[in-house]
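Beneath this line is the structure, given in structure tokens, with notes to follow.
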Amino acid sequence: MRRVLVVEDEDSIRELIALNLRMADYEVLEAESAEKALALLGSEGRCDAAVLDVMLPGMNGFSLCEAIRRDDANIGIIILSAKSMEQDKIRGLSIGADDYMTKPFSVSELLARIDALCRRVQRTGQTAAEADDSRLVSGQFVLDQKSRVLYKKGEPIDLTQVEFQIMELFFQNSGTALVREKILEGVWGENYYGDVKIVDVNIRRLRMKIEDEPSSPKHILTVWGYGYRWNG
């Protein structure tokens, strides 16, 4: 059974999310604070996804996101917040969240996004017999689709599952300019309702991880007014 951590200090909102998740056959861990959430993860084991409110007593949701991401690159993280300013969304995505939703929100849309994240995590858990054992090679980079690891000059690079899927799309379309909307659809799904800027934030994170000089990228190139192109 897929397990989701819900961190929200407003009981009515947390209980509404948890109820709908359980009705959809998820196992749910509930926490009203970041500190309790970290304790639950320590005692109950890892989750497939986490929904984090930003305004929490004590440690806030942004700091909690960073703490969870340091320990687990594969967990899907959705930040749920009343903060709708662009800089808040970019901050959340930049520190490792996979998605960002603002309040008020649609419960059915939230469940759809959680489901998409959990499917990515489950791909990571496939056995060698179940997974595609092919390796994609592009210059000094190797994308191992079985272990879900990107290598640069033989050294593994720690990627989230969203970042890995973007790289997978790039490798499969090497040298081809991809419009942002195509990347959004290919990674987040055709029914994703979020802002296309989520692509730009993840590209920025990827450049920090794979480029020798992120400010002067040689591999993930910007096609101005259009999107991005992979150059191995």
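Positions are given from 1, in the same order as the sequence printed here.
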Inset, instruction - Identify the heavy atoms of Phe164 and Val149 that sit nearest to each other, and give their distance. - result: CE1-N, 3.4 Å

Legend entry - Value rounded to 0.5 Å, distance of CG in Leu136 from CZ in Phe170: 14.0 Å

Inset, instruction - Quick one: closest heavy-atom pair of Ser106 and Ser108, and the distance? - result: OG-OG, 2.9 Å

Inset, instruction - Over all heavy atoms of both residues, which pair between Ala37 and Val7 is shortest? Give the atoms and the distance, please. - result: CB-CG2, 3.6 Å

Legend entry - Approximate separation, where rounding is to 0.5 Å, of Ile203 CD1 and Ile220 CD1: 5.0 Å

Inset, instruction - Check Val4, Ile75, Ile77 against Cys47 for a side-chain contact (heavy atoms from CB on, under 4.5 Å) and give me the one that passes. - result: Ile75

Legend entry - Heavy atoms from other residues, nucleotides or ligands near NZ of Lys182 exceed 12 (cutoff 6.0 Å): no

Inset, instruction - Taking the side chain as every heavy atom from C-beta outward, state whether Arg135 and Leu143 have any pair of such atoms under 4.5 Å apart. - result: no

Legend entry - Minimal non-hydrogen separation, Asn74 against Gln161, with atom names: OD1-NE2, 2.8 Å

Inset, instruction - Return yes when atom NZ of Lys218 has more than 12 non-hydrogen atoms of other residues, nucleotides or ligands closer than 6.0 Å, and no otherwise. - result: no

Inset, instruction - Locate the shortest heavy-atom distance separating Leu159 from Ala73; write the atom from each residue and the value. - result: O-CB, 3.8 Å

Inset, instruction - Please name the pair of heavy atoms, one in Ser81 and one in Asp53, separated by the smallest distance, quoted to 0.1 Å. - result: CA-OD1, 4.2 Å

